[in-house]
Engineer: 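Right, I'll just put the structure down here and ask away after.
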Amino acid sequence: MGCQPPHPQGQLVVANKSSLESVDPVDVFSFAGTQLLSAVGDPLYAADHRGQLQPRLATALPQFSADGLTARIPLRRDVRFHDGTPFDAEAMVFNLERFRQLGKLSYLLDDRIRAVRASGPYELELSLQRPYRALASLLSSINLAPVSPSAYRNFAKRSLSNRFVGTGPYRLASFSPQKQQLLPFENYWGPQPKNKGIHLITLSNSTALYGSLLSGEVDVLISSGLESDQQEALNARARRGQLALGEGPAAEIGYLTLMSQQPPFNQAVVRQAVALSVNRPLISQRVSFGLRPPLRSLVPPPLEGAEPPAWPRYNPKAARALYRQAGYCSGQRLKLPLTFRSNVPSDRLFALTWQAQLQKDLGDCVELEVTGVESTTAYRQLEQGVYPMIVLDWVGDYPDPDVYLSPMLSCSRSSGDHCLEGSSVAFGSFWDGPGVQALLRESEASSGAARRDSLRRVQQLAAEGAAYIPIWQVTPRAWAQAHLKPPRFDGSGRLLLQDLESRHR
Amino acid sequence: MSRRRHLIGYIASRLALVPVMLWLIASLVFLLLRVAPGDPIDALLGTRAPQAARDALRQQLGLDQSLLAQYGHYLSDLLQGQLGISLTNQEPVSAVIARSLPASLELGLTALLLAAGLGLAVGFSGIARPEGKLDLSARLFGIGTYAMPPFWAAMLVQLVFAVWLGWLPVGGRFPATLIPPEGSGFYLLDSLRNGDSTQFWGAVRHLVLPASTLGFLLSGIFANALRLNLRRALDSDYVEAARSRGLSERRVVLRHALPNALLPVLTIAGITVASLIGGALLIEVTYSWPGIAFRLQEAISQRDYPVVQGIVVVVAALVVAVSVLVDLLVALLDPRVNF
């Protein structure tokens, strides 16, 4: 290691790739933004590392009325904002209303919540559009972390990008897009952070990130934006005890969308054959050294509904039989057009690796034709049905199966299996299966075993329809210098900055 | 007409063209951004939001208005000196530029000084023995540094000096654990003004690698320009005349040939300054230097129209100003220039 200047006693430097343009919860949607918010803010609930929801600013899970349309949430009484003002139900109402008005992700609430009011000084009452038992999961979204109404009085109708006055274990001491300083909040209601402060910095390329950890310039490195070979090299160092590795649950999944209303994917048998043609373990190994574990469900584990996986394993024999059934393999090869986002390296690698795998295993039946397109162009044209097959990724806004299944499968108007209007159109599959919408509503309104059953059945239908084919999950990782304890993540896949500490404390 | 009057006329004609050029550039960037595929809503939300939410955000950001109405607002704001509000964080574009431009200028000017110093020294070194070993090396240096891919050179320097040797920081503009000095945005000047040596050396340590890399890459232009012009000057009649008067070779080179050879180099320096105002994108990205080019690249990927438009217009205005200034300087220094 080189001769880097020492960091202030007990303070740690944490690096990631994305810069941060705003720290206001109404603006934030990137990983870097939610990572920062999770340290300076507190939502009503939070998922722990096992995926279990725990009350944070709430004291218990929501109590629902008999018709499921009203929820009451009791709040903590010992919470103060960073500016010293107390947190109460009115503050929470201010925040939820502000988010509905200004939030870039305001649809999270609009679709679920009809009205909000303080039913007591420390009790919140939410009127729902329709029964939604996963309300606590929704309220665990870090974008709903409250900010001080007195500090944001002049920002009720516009965002405040460079300050944050919330209730989290750290207060934001300084902010610039490339660098943020967090210091422990002395009046925090919960346990104090185990370090004396965090400096979050942005380094704009993978080599700089990798190098900064090796040179000792940073203490902890977050995997977001780091190339797979560099992640593997850091893992190798961790295995030798030179670094401490921490892994979190996946919030991001990679999947294929097949446009179900145009040839060749308007034949269910072709879609099912494609679903059997993806050798996930091989592709995961070749593209990411196995760091993106294969996924055969649209819901990433450990969320409810991830097990058992509904999509079939790689089976070239069964795939060939289906391609034959569709009229291919006997001298005629099916051309599969695959689009990938040219600015996403893993997508390009997936496309090329799958192309080679198909050529080797099913070359007499299919030929993969790959085309790259820039991501914003792809998003724009998705709902126009331009792409017969495209590889994409998806990150749930909060840890619940519903935020993975509903966006892909919801359809408000359809004709047979053709979705004419709804989320399924926006996702480019245009697919709707018999009973899928009813099962999605059932899943929203139920809990426990009944919900698990709905989730299993809806995924079974989606796997049979094969308009989406899950490929892999992206697990977040962080590497710390060897003198630190291994980093830990919360159930939303965010690094617990307050838990970072020396091994020799 | 006197030379002075000619000069004033020349300045007036150059300045009169500035608003027209800026209007053309501003209109072109407005149009090109709208023609380019993708839009801010796609860049912000990807596929994640339902159509109603996307429409609401489009309305909130004023992107639902007709192209003509948006253009009208844009030009009207520009005439009042308003560059607009960033779509990603609602921050005034002028604040974004005020934060990023000094970073690019600090890096660019330091690199320019290094490039000029190194390039002129190399260009001058082979002059005693044309086609000798030193001259050949100077020529190779000029071609080599000019042809070297900036990102490759920057990564190599970064790997050797920051990662392997650990002598200097990998990237960024200021030590992570220090609060940057407040003031002009030029950290070296601000920290000197504060009298804070920790801040100053912190800023210097972060500046060394990007500035030397950029300076090294630019030095070839100066080396080749000086070498060629000096050679031409030494072959000219007035130098022959000076030699025939019995002046020493040292005096011939330093007093007669060099000043004339430096005039074209001044023009090249002007062009280089103008190009560096817009930032050195690959160097800024490689070293995570939060300059104007880095910010522009982010804004383009985010389809943040006002930020892209604002940066392009401001940089264009500065480039035009520097070009006019250099032209004037050359005109003043070189009596052969006609207006």
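Numbers restart at 1 for each chain; the letters A, B, ... are given by sequence-line order, proteins then strands.
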Engineer: What part of F294(B) gets closer than 4.5 Å to chain A, counting heavy atoms only: side chain, backbone, both or neither?
Structural biologist: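 Only the side chain of F294(B) comes within 4.5 Å of chain A.
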Engineer: Suppose the criterion is salt bridge (charged side-chain N to carboxylate O under 4.0 Å, His left out): which pairs have a residue in residues 94-111 of chain B, not counting sequence neighbours?
Structural biologist: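 Applying salt bridge (charged side-chain N to carboxylate O under 4.0 Å, His left out) to every pair that reaches into residues 94-111 of chain B, excluding sequence neighbours, yields E91(B)-R99(B), E106(B)-R173(B).
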Engineer: Is atom CZ of R193(B) surrounded by more than 12 heavy atoms (other residues, nucleotides or ligands) closer than 6.0 Å?
Structural biologist: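 Yes.
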Engineer: Provide the closest heavy-atom pair for S215(A) versus A162(B) in the form atom of the first, atom of the second, distance.
Structural biologist: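 Heavy atoms of S215(A) and A162(B) come nearest at CB-O, 3.3 Å.
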Engineer: Is there a donor-acceptor pair under 3.5 Å between the side chain of N205(A) and the backbone N or O of S288(B)?
Structural biologist: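 Such a contact is absent between N205(A) side chain and S288(B) backbone.
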Engineer: Look at I201(A), T207(A), L160(A) and state which one has the largest set of heavy-atom pairs under 4.5 Å with chain B.
Structural biologist: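 Most pairs with chain B among the choices: T207(A).
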Engineer: Can you tell me if Y74(B) has over 12 outside heavy atoms packed within less than 6.0 Å of its OH?
Structural biologist: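 Yes, OH of Y74(B) has more than 12 neighbouring heavy atoms, counting only those of other groups under 6.0 Å.
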Engineer: Which bit of E374(A) is near chain B, if near means a heavy-atom gap under 4.5 Å: side chain, backbone, both or neither?
Structural biologist: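 When you check distances to chain B, only side chain atoms of E374(A) fall under 4.5 Å.
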Engineer: Sequence neighbours left out, what passes side-chain contact (heavy atoms from CB on, under 4.5 Å) with E182(B)? Give chain and number order.
Structural biologist: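 Partners of E182(B) under the side-chain contact (heavy atoms from CB on, under 4.5 Å) test: none.
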Engineer: Tell me which of these, L159(B), T286(B), V96(B), has more heavy-atom pairs under 4.5 Å with chain A than the rest.
Structural biologist: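 Of the candidates given, the most pairs with chain A belong to T286(B).
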Engineer: Kindly indicate, with the supporting measurements, whether the criterion side chain to side chain donor-acceptor pair (under 3.5 Å) is fulfilled by E298(B) and S19(A).
Structural biologist: CA-CA 9 Å; E298(B) 281 187 337; S19(A) 61; 2.6 Å; yes
Engineer: In Å and rounded to the nearest 0.5 Å, what is the OG to CD distance from S204(A) to Q297(B)?
Structural biologist: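 With rounding to 0.5 Å, OG (S204(A)) is 8.0 Å from CD (Q297(B)).
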Engineer: For chain A, find its close neighbours in residues 303-312 of chain B: heavy-atom separation under 4.5 Å, sorted by number, or none.
Structural biologist: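 Heavy-atom contacts from residues 303-312 of chain B to chain A are R303(B).
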Engineer: Is it the side chain or the backbone of L87(B) that comes within 4.5 Å of chain A heavy atoms, both, or neither?
Structural biologist: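 The backbone, not the side chain.
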Engineer: Quick test of your reading: applying side-chain hydrogen bond (donor to acceptor under 3.5 Å, both in side chains), list the pairs with at least one residue in residues 172-183 of chain A, sequence neighbours left out, ordered by first then second residue.
Structural biologist: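 Pairs touching residues 172-183 of chain A that pass the test: none.
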Engineer: So for atom CG, which belongs to L67(B), do other residues, nucleotides or ligands contribute more than 12 heavy atoms lying within a distance under 6.0 Å?
Structural biologist: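 Check passes, neighbour count above 12.
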Engineer: Using non-hydrogen atoms only, which part of T202(A) is less than 4.5 Å away from chain B: side chain, backbone, both, or neither?
Structural biologist: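 Answer is backbone: N, CA, C or O of T202(A) sit under 4.5 Å from chain B.
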Engineer: Check the pair E21(A) / R295(B) against side chain to side chain contact (heavy atoms under 4.5 Å, CB included), numbers first and verdict last.
Structural biologist: CA-CA 10 Å; E21(A) 297 305 324; R295(B) 188 67 194 88; 3.4 Å; yes
Engineer: Passes side chain to side chain contact (heavy atoms under 4.5 Å, CB included), S22(A) versus T88(B)? Steps please.
Structural biologist: CA-CA 8 Å; S22(A) 173; T88(B) 46; over 6 Å; no
Engineer: NE2/H199(A) to CD1/I179(B) distance, rounded to the nearest 0.5 angstrom?
Structural biologist: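 Interatomic distance, H199(A) NE2 to I179(B) CD1, rounded to 0.5 Å: 7.5 Å.
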